[in-house]
Protein chains: 2
Amino acid sequence: MMTLPGVPQVVIDRLPVYARTLAMLKSKGRQVISSQELGDELGVTPAQIRKDLSYFGRFGKQGRGYNVQRLGTELRRILGLEQEWTMVLVGVGNLGRAILSYRGFAPEGFKIVAAFDMHSEKIGTTVGGMKVHSVKSLPQYLKSSPADIGIIAVSAASAQDVANVLVDHGVKGILNYAPVALRVSEGTRLKNIEPVLALQSMTYYLKGVVP
Amino acid sequence: MMTLPGVPQVVIDRLPVYARTLAMLKSKGRQVISSQELGDELGVTPAQIRKDLSYFGRFGKQGRGYNVQRLGTELRRILGLEQEWTMVLVGVGNLGRAILSYRGFAPEGFKIVAAFDMHSEKIGTTVGGMKVHSVKSLPQYLKSSPADIGIIAVSAASAQDVANVLVDHGVKGILNYAPVALRVSEGTRLKNIEPVLALQSMTYYLKGVVP
């Protein structure tokens, strides 16, 4: 399955949620689900689900619903989730420690293979079973062990420099936890983990309901 | 400024990024910016920016660009960012500690006012200058000190129970870090901080470019 041109980013962003919900339904023994029921599970309209899926082909028969296992498997294939993805972590403060101990990555095929920090007191220590390397050794590391994804958990002031090193050494995906808008070259996928941005769009709705 | 019906969620989600970029431009002394330049800064098309802003009125004069300060101020007003928002944190593990030490909240008007945990060895300790209370006291706390937003940083297994308590006691916004799809009542705004979901939509694009 190729990357199809013209599929909106927002559609791609919804597919993992669909895949996760289907996996949950499958674990409960569910075999078939209607777009109405799936929409109820997800909090979206059935029309939205049908439209999103229509970019990738036909998955259900009119009036018969979706085969839970088949649709889930197909979505995982479309999203590229049937392979393992390697990640390097840069920044081993509280946040980096939380990321290293986060147990949600590995079961989904995302593997942190190395951790880096700029602070000499952290270099050489072991955090979450992983040795912390000097960020100065990051270019050399990536030359010998290319990684798919870089996780940035450094301060806002250092994040752009780290991003540049990652991109210059072949990392094509960046998950950024630093509170700063990074600039990356075209061809690099950037996702920001942004609690403040999430809060700031939430308050648009809250300001009407909270006294 | 009210909450306008019919503005798509994805538009609301983009406004904080616009506001942040405008603040950055203002700090650099920039007074006016065209939608083309603003789009270049943001990695979106100028047409997208004009369309997003058109939901809220007219902000620029044709061919004259946007007044950086005025547009930034107006977006902050639309988003409800001119007031302080109170937040309670539930879960003080590594992630909760990182959240308590995160310095990005306060400057943006988001204030963590209390922290709760279910593990007896943590209750009564002080983390990031904040005393950790028993999660059993959360209902009573919220009755006497209503909070706008609840941050959930507990395990996936406990997250729904915590969400129920928050919602039942008047919390209207939830920022969920637990790797689980929560169900909340209508009228509650839920945002998931989801590194795996972010990664899973990234790999759609990476699978074509990474060997």
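Note that the structure is a prediction, hence the values are computed from the model and not measured. We name chains A, B, ... by the order of the sequence lines, and we start the count at 1 in each one.
Taking chain A as the reference chain and counting heavy-atom pairs below 4.5 Å, the highest number among B:L95, B:I12, B:L15 is found for B:I12. Top candidate by heavy-atom pairs under 4.5 Å with chain A, chosen from B:G80, B:A19, B:S155, is B:G80. When the candidates B:R76, B:M202, B:E108 are compared by the number of heavy-atom contacts under 4.5 Å with chain A, B:M202 comes out ahead. Between chain A and the options B:L81, B:N192, B:L190, B:L199, heavy-atom pairs under 4.5 Å are most frequent for B:L199. In terms of non-hydrogen atom pairs under 4.5 Å with chain B, the most contact-rich of A:V17, A:I99, A:L197 is A:L197. For the set B:A98, B:P195, B:G173, B:A198, the entry with the most heavy-atom pairs within less than 4.5 Å of chain A is B:P195.
For A:R103, no part lies near chain B; criterion is any non-hydrogen pair under 4.5 Å. Looking at A:I193, the atoms closer than 4.5 Å to chain B (heavy atoms on both sides) all sit in the side chain, from C-beta outward. In this structure, the portions of A:Q9 lying under 4.5 Å from any heavy atom of chain B include both its backbone and its side chain. A:M24 does not touch chain B: none of its heavy atoms, backbone or side chain, sits under 4.5 Å away. Both the backbone and the side chain of A:F105 have a heavy atom closer than 4.5 Å to some heavy atom of chain B. Proximity to chain B (any heavy atom under 4.5 Å) is restricted, for A:I174, to the backbone atoms N, CA, C and O. No part of A:R14 comes within reach of chain B, as not one of its non-hydrogen atoms sits under 4.5 angstrom from that chain. The contact between A:I149 and chain B is made entirely by side chain atoms (from C-beta outward), counting heavy-atom distances below 4.5 Å.
Both tests hold for A:K207 against A:Y204: distance to the six-membered ring centre under 6.0 Å, angle to the ring axis within 45°.
Within 6.0 Å of CD on B:E82 lie more than 12 heavy atoms contributed by other residues, nucleotides or ligands. Heavy atoms from other residues, nucleotides or ligands lying under 6.0 Å from CD of B:Q160 number more than 12.
Between B:E41 and B:R20, none of the side-chain N atoms (NZ, or NE/NH1/NH2) sits under 4.0 Å from a carboxylate O, so this pair counts as no salt bridge.
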